[in-house]
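These numbers were taken from a predicted model, which means no experiment stands behind them. A, B, ... follow the sequence lines: proteins, then strands. Residue 1 opens every chain.
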Amino acid sequence: AQTVTQSQPEMSVQEAETVTLSCTYDTSENNYYLFWYKQPPSRQMILVIRQEAYKQQNATENRFSVNFQKAAKSFSLKISDSQLGDTAMYFCASYGNKLVFGAGTILRVKS
Amino acid sequence: DVKVTQSSRYLVKRTGEKVFLECVQDMDHENMFWYRQDPGLGLRLIYFSYDVKMKEKGDIPEGYSVSREKKERFSLILESASTNQTSMYLCASSLRLPNTEAFFGQGTRLTVV
């Protein structure tokens, strides 16, 4: 079975600060991919960052980076220099034989 | 620009009605997915399809069926709508390789009364 767990239902951070969102996953696939998606109030899902499981190097996209711990099946998202526009629901997802999402974390960036 | 279009943004149906949710993508993607999104539960996979006329059950297929007669269109069918199917429904598509991103429609908020 493929599962994704996000244990933080809500988080808040001050503008310009750094925040880390947690995610753990489980899969029996040897080759899989991990993603973080953002869903702002407009409801449109947007890809934030992706990680191939066979790559040891952590992915980065501008202010967004991940901490991928394969043995621990952990895939956290770090947002640096948080901006008001980062306020959204964030979903962690894994893609082995199907694309599975976690329950999401609501992130609020405060001014 | 890539585009996944869901036929309705808001829909209200009566209990027992047959409901069709339509999704069309213009990117020639092989994979298409249907999810429902509920507070605290995230996105749960209902059905997905790897090719025309192919379908696979997701994690919560009960009460739903799907149809994919053409590559660009993936329909979700509620045979007899019930109030517990009131939810946000999201369609997505992607290329066959899993390392490409999935593109999502804008969602359909379905209310069954």
### Engaged part of B/Leu45 at the chain A interface, taking heavy atoms whose separation is under 4.5 Å
side chain

### Query
Looking at the rings of A/Phe35 and A/Phe101, which for Trp means the six-membered one, are their centres under 6.0 Å apart?
no

### Closest-packed option against chain B by number of heavy-atom pairs under 4.5 Å, given A/Gln44, A/Gln51, A/Gln6, A/Gln2
A/Gln44

### Query
Checking heavy atoms, do the side chain of A/Tyr32, its backbone, both or neither come under 4.5 Å from chain B?
neither

### Message
Who clusters with B/Val24? Use side-chain heavy atoms, under 4.5 angstrom, across I, L, V, M, F, W and Y, and order the result by chain and number.
### Response
none

### Message
Is the positively charged end of B/Arg36 above the ring of B/Tyr47, judged by distance under 6.0 angstrom from the centroid and angle within 45° of the axis?
### Response
no

### Task
If the plane angle is over 60° it's perpendicular, under 30° parallel, otherwise tilted; pick one for A/Tyr95 and B/Phe33.
perpendicular

#### Entry: Which atoms of B/Glu56 approach chain A - backbone, side chain, both or neither, heavy atom under 4.5 Å
neither

